[in-house]
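Values below: all heavy atoms of this structure, side chains included; hydrogens, waters and symmetry mates excluded.
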Amino acid sequence: MILTTGIVYIFISPSEPLAFSIFFKVIPMVLILIYAFEQSLPKRKAVHYWIIGGIVFCLIGDATLHWFLIGLAAFFIGHVFYSIGFLKQWRFSLPRSLVAIPLILFALWVGYQLVSHLQADGQNVLIIPVIAYIGIIMLMAFTAVMTGNRWAILGSILFIISDSILAWNMFISSFTAANEVIMLTYYSAQFLIAHSLFTLDSKHKGVAW
């Protein structure tokens with residue numbers, strides 16, 4: 001059902017009227033939220049509630065992203081919830097900790113590109129929110145990597161890819177099929193993060209490296 005409704009929104013449902021488009025956009029996220037509840041059974045712990053809370057705020061972000069700053073704020077809170085949840089599963093590893101280097105370098109590069117174009121377009125009001133969002137999504141990805149959980153790691157990477165393409169398409173240069181790529185990677189990211197709930201809080205299952 002998640003796959004089917006996602007495909008319907010991405011490739012079939014019309015973009016107008018707005019309420020109709022938002023309705024079809026959030027259906028896959030509602031199903032992913034239900035899936036997350038099922039994956040966290042039978043013994044739901046604090047980490048599961050934090051991740052589920054992150055999905056809820058991302059769902060709100062989906063519904064309000066048309067009003068960009070409101071949607072961005074909801075996604076920001078969602079990543080805070082994800083980060084706290086992943087921190088509760090922190091398993092230090094030197095190889096995993098080195099992932100911070102490419103994450104920081106990528107954040108600096110993307111941040112520079114976005115800030116430059118926002119300044120050129122006179123959208124200075126968006127600079128601080130965009131920089132803050134880059135920081136929190138990179139923190140979310142780093143905490144996901146430090147769990148060692150392969151599903152959380154892959155989901156966080158896909159989230160970065162999706163949001164990077166979205167930001168590039170909105171503020172720097174649009175390209176054909178951008179929306180399709182954005183939503184495919186986004187729904188996949190959320191599904192994998194939800195799927196990680198089955199193996200989070202486990203010492204063995206789902207651990208990648």
Side-chain angles (χ1 to χ4, degrees), residues 25 29 32 50-51 53-90 96-147 149 151-175 177-194 196:
K25 184 180 184 182
M29 282 299 296
I32 288 172
W50 282 110
I51 301 300
I55 295 174
V56 169
F57 275 99
C58 287
L59 193 159
I60 295 170
D62 283 324
T64 58
L65 194 58
H66 181 76
W67 304 274
F68 183 70
L69 286 178
I70 298 175
L72 192 70
F75 276 110
F76 184 96
I77 297 172
H79 288 308
V80 171
F81 273 64
Y82 284 150
S83 299
I84 294 173
F86 292 143
L87 279 170
K88 290 184 175 295
Q89 294 295 295
W90 183 282
R96 289 200 294 267
S97 65
L98 293 177
V99 172
I101 297 174
L103 287 176
I104 291 171
L105 291 176
F106 183 71
L108 291 173
W109 180 76
V110 169
Y112 174 78
Q113 297 293 328
L114 290 174
V115 169
S116 298
H117 282 81
L118 288 171
Q119 288 177 329
D121 293 340
Q123 300 187 71
N124 294 330
V125 68
L126 295 178
I127 291 176
I128 292 178
V130 166
I131 291 175
Y133 186 78
I134 292 172
I136 192 61
I137 194 171
M138 294 301 166
L139 176 63
M140 182 276 293
F142 180 66
T143 55
V145 169
M146 293 306 291
T147 66
N149 184 287
W151 308 116
I153 294 169
L154 183 55
S156 68
I157 292 172
L158 285 175
F159 217 134
I160 289 177
I161 292 172
S162 178
D163 280 359
S164 297
I165 296 172
L166 185 150
W168 195 275
N169 187 60
M170 284 187 65
F171 302 120
I172 298 178
S173 177
S174 60
F175 60 94
N179 290 332
E180 288 81 359
V181 176
I182 290 165
M183 294 310 300
L184 282 171
T185 50
Y186 171 72
Y187 285 142
S188 298
Q190 295 284 26
F191 173 79
L192 290 172
I193 290 173
S196 74

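- Side-chain contact check for Gln89 versus Asn149: every heavy-atom pair is 4.5 Å or farther apart.
- Residues Phe171 and Asp121 have side chains not in contact (no heavy-atom distance under 4.5 Å, counting atoms from C-beta outward).
- The heavy-atom pair separating Leu72 from Val130 by the smallest distance is CD2-N, 4.4 Å.
- A distance of 12.0 Å separates CG of Asn169 from OG of Ser164, quoted to the nearest 0.5 Å.
- Scanning all heavy atoms of the two residues, the minimum distance from Ala152 to Ala144 falls at O-CB, 3.7 Å.
- Summarising the geometry of Gly155 relative to Ala189, their closest heavy-atom pair is O-CB, 3.2 Å, with the distance given to 0.1 Å.
- Taken to the nearest 0.5 Å, the OG1 atom of Thr185 stands 12.5 Å off from the CD1 atom of Ile157.
- Pairing each heavy atom of Ile32 with each of Ala194, the nearest pair is CG2-CB, 3.8 Å.
- With a 4.5 Å cut-off on side-chain heavy atoms, Met140 and Phe86 count as touching.
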Under the side-chain contact (heavy atoms from CB on, under 4.5 Å) rule, what do Ile51 and Tyr82 come out as? Steps first, then yes or no, please. CA-CA 5 Å; Ile51 301 300; Tyr82 284 150; 3.9 Å; yes

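- For Ser196 (side chain) and Ile193 (main-chain N/O), a donor-acceptor pair under 3.5 Å exists by modelled atom type.
- In this structure, NZ on Lys25 lies 5.0 Å from CG on Leu65, to the nearest 0.5 angstrom.
- The structure places CG of Leu192 at 11.5 Å from CD1 of Ile153, a figure rounded to the nearest 0.5 Å.
- Side-chain N or O atoms of Ser162 include none that pairs as donor or acceptor with a backbone N or O of Leu158 at under 3.5 Å.
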Do Ile131 and Ile128 pass the side-chain contact (heavy atoms from CB on, under 4.5 Å) test, and can you show the C-alpha distance, the side-chain angles, and the key distance before you say yes or no? CA-CA 5 Å; Ile131 291 175; Ile128 292 178; 5.8 Å; no

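- Considering CD1 of Ile137 and CG of Leu103, their distance stands at 10.0 Å, rounded to 0.5 Å.
- The two residues Gly111 and Ile134 make their nearest non-hydrogen contact at CA-CD1, 3.7 Å.
- With a 6.0 Å radius and a threshold of 12 heavy atoms from other residues, nucleotides or ligands, Tyr112 has its OH atom at or below the threshold.
- Within the 4.5 Å cutoff, the side chain of Leu126 has heavy atoms near those of the Leu69 side chain.
- Inter-residue side-chain proximity for Val80 and Phe57 is flagged as unmet; no heavy-atom pair is nearer than 4.5 Å.
- Side-chain contact between Ile127 and Gln119: present, with at least one pair of heavy atoms (C-beta onward) separated by less than 4.5 Å.
- Contact check for Ile55 versus Met29: side-chain heavy atoms found under the 4.5 Å cut-off.
- To the nearest 0.5 angstrom, Tyr186 atom OH is 5.0 Å from Cys58 atom SG.
- The ring of Phe142 has its center closer than 6.0 angstrom to the ring center of Trp90.
- Side-chain contact between Phe75 and Asp62 is present, with at least one heavy-atom pair separated by less than 4.5 Å.
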